[in-house]
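For the numbers below, each heavy atom of this structure counts, side chains included, while hydrogens, waters and symmetry mates do not.
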Amino acid sequence: MHHTMTSMHIDGSFCEGGGQILRNAVALSALLAKPISIPNVRHNRTPPGLRKQHEAGINLAATISSAETEGVHLASTSVTFKPAKIELPKTLTADPGTAGSTSLLLQVSLPCLLFSSSPTPPSQLTLRGGTNASQAPQIDYTQHVFLPFMKRHFGVDIALKIIRRGYFPKGGGAVFCSIPSLTEPLPPVTLTERGPVQLIRGEARVGGLPFILAERMKNAARATLLAGGVSPTAIRINAVREAQEEAFGSGGGILLFAETDNGCVIGGSSVSTKSKAPEEIGNEAAEELLRNLRHDGCVDEYLQVSDLLSRSSVR
């Protein structure tokens with residue numbers, strides 16, 4: 001089957017020309033058992049080509065789908081992916097060896113592990129790398145926004161446990177996922193009315209840093225939400241400091257999420273950096289959440305991307 005089907009060509013410079021088109025293309029190729037070739041990989045990034053996290057993601061999808069690959073190595077600008085039939089369940093570990101995002105590793109592998117022609121036990125996935133990194137959804141977003149959305153609207157209950165947090169630039173985090181397999185396509189979902197916001201929850205957290213930094217993030221986020229017209233009784237943000245064994249390296253971040261009457265969850269987040277005060281991080285997360293709420297959509301920008309792959313599997 002590998003060699004008889006014509007390969008589909010997907011230009012890696014399309015749209016933003018980054019890693020997202022690569023993850024989407026590889027996940028759908030594996031899911032549909034259709035070979036693809038991708039030239040101009042990450043063409044609009046500096047430097048272009050594969051980084052360790054993309055290499056780990058493609059190799060994970062290749063292992064799941066018994067795919068033949070070419071060009072899957074650091075700095076490669078052309079990738080060929082020829083999948084075979086997916087046999088579930090799988091027990092796998094992926095580790096880019098960097099602070100590459102565990103959320104993005106899940107994004108490329110999840111669609112490949114969701115469907116089986118016959119009932120099977122759940123697949124077990126251990127993802128290593130960065131749990132709270134910039135340029136990607138934090139693992140808290142996956143845990144509090146994306147997975148509850150999948151459960152409420154598609155009936156898919158994916159268990160996620162954060163074993164250890166890994167902060168940029170060291171990485172070293174670990175996340176465990178248990179992914180049930182479905183024998184039917186996902187049900188169609190119509191979500192057009194967001195409904196009023198009931199609560200805004202959140203966590204400002206640090207690992208390997210003083211607790212006061214999490215408090216300062218929390219207080220700044222709360223002040224920005226209040227200034228944006230949110231009722232003080234609707235805001236529930238906690239400040240958390242990881243125990244030493246729960247985090248690798250030092251860092252932090254904040255996730256805020258608004259829950260609405262109609263079951264929509266809208267997020268806003270920011271990751272700590274050495275160059276920014278905790279107040280700036282808290283403000284950024286709150287402003288992102290307020291901006292997403294002003295758009296009046298039923299999902300936020302990150303959920304649109306994650307949900308795209310889920311909806312591609314709807315009957």
Self-check item: N/O donor-acceptor pair under 3.5 Å between Thr131 side chain and Gly166 backbone
Solution: yes

Exercise. Mind checking side-chain contact (heavy atoms from CB on, under 4.5 Å) for Phe168 and listing every partner two or more places apart, or none if nothing turns up?
Key: Ala99

Using residues 206-223 as the side-chain source, report each donor-acceptor pair under 3.5 Å to any protein atom, sequence neighbours left out, with the distance given to one decimal.
| unit_1 | atom_1 | unit_2 | atom_2 | d |
| --- | --- | --- | --- | --- |
| Arg216 | NE | Glu279 | OE2 | 2.8 |
| Arg216 | NH2 | Glu279 | OE1 | 3.0 |
| Asn219 | ND2 | Glu215 | O | 3.3 |

Quiz item: Can you name the salt bridge (Lys or Arg N to Asp or Glu O under 4.0 Å) partners of Glu287, sequence neighbours left out?
Solution: none

Quiz item: What residue pairs, at least two apart or across chains, pass side-chain hydrogen bond (donor to acceptor under 3.5 Å, both in side chains) with a residue in residues 191-201?
Solution: Arg194-Asp296, Gln198-Asp261, Arg201-Glu259

Quiz item: Is there side-chain contact between Ile237 and Leu256, with at least one heavy-atom pair below 4.5 Å?
Solution: yes

Self-check item: With sequence neighbours excluded, residues passing salt bridge (Lys or Arg N to Asp or Glu O under 4.0 Å) with Lys276
Solution: Glu284

Quiz item: Can you list every ring-ring contact (aromatic ring centres under 6.0 Å, His included) pair that touches residues 15-71, not counting sequence neighbours?
Solution: none

Practice problem: Output every pair passing side-chain hydrogen bond (donor to acceptor under 3.5 Å, both in side chains) with a member in residues 232-241, not counting sequence neighbours, ordered by first then second residue. | Solution: Ser231-Thr233

Practice problem: Linking directly or through intermediates, with side-chain heavy atoms under 4.5 Å: list the remaining ILVMFWY members grouped with Ile163, chain and number order. | Solution: Phe176

Quiz item: For Arg51, does the CZ atom sit with more than 12 other heavy atoms under 6.0 Å from it, leaving out its own atoms?
Solution: no

Self-check item: Sidechain-backbone polar pair: Lys90 side chain, Glu87 backbone, donor-acceptor under 3.5 Å
Solution: yes

Exercise. Return the set of residues passing side-chain contact (heavy atoms from CB on, under 4.5 Å) with Pro89 (not counting sequence neighbours), or none when no residue passes.
Key: Thr120, Pro121, Ser123

Quiz item: If only atom types and distance count, is the side chain of Ser272 paired as donor or acceptor with the main-chain N or O of Gly252 below 3.5 Å?
Solution: yes

Self-check item: Listed partners of Ser13 passing side chain to side chain donor-acceptor pair (under 3.5 Å), at least two apart
Solution: Asp11

Quiz item: What residues, two or more places apart in sequence or in another chain, satisfy salt bridge (Lys or Arg N to Asp or Glu O under 4.0 Å) together with Glu246?
Solution: none

Quiz: residues 144-160 side-chain donor-acceptor pairs under 3.5 angstrom, not counting sequence neighbours:
| unit_1 | atom_1 | unit_2 | atom_2 | d |
| --- | --- | --- | --- | --- |
| His153 | NE2 | Gly263 | O | 3.2 |

Quiz item: Any luck finding a side-chain donor-acceptor pair between Glu288 and Asn292 under 3.5 Å?
Solution: no

Exercise. May I ask you to check whether Tyr141 and Tyr302 place their ring centers less than 6.0 Å from one another?
Key: yes

Quiz item: Would a 4.5 Å heavy-atom cut-off, applied to side chains only, mark Leu74 and Leu50 as touching?
Solution: no

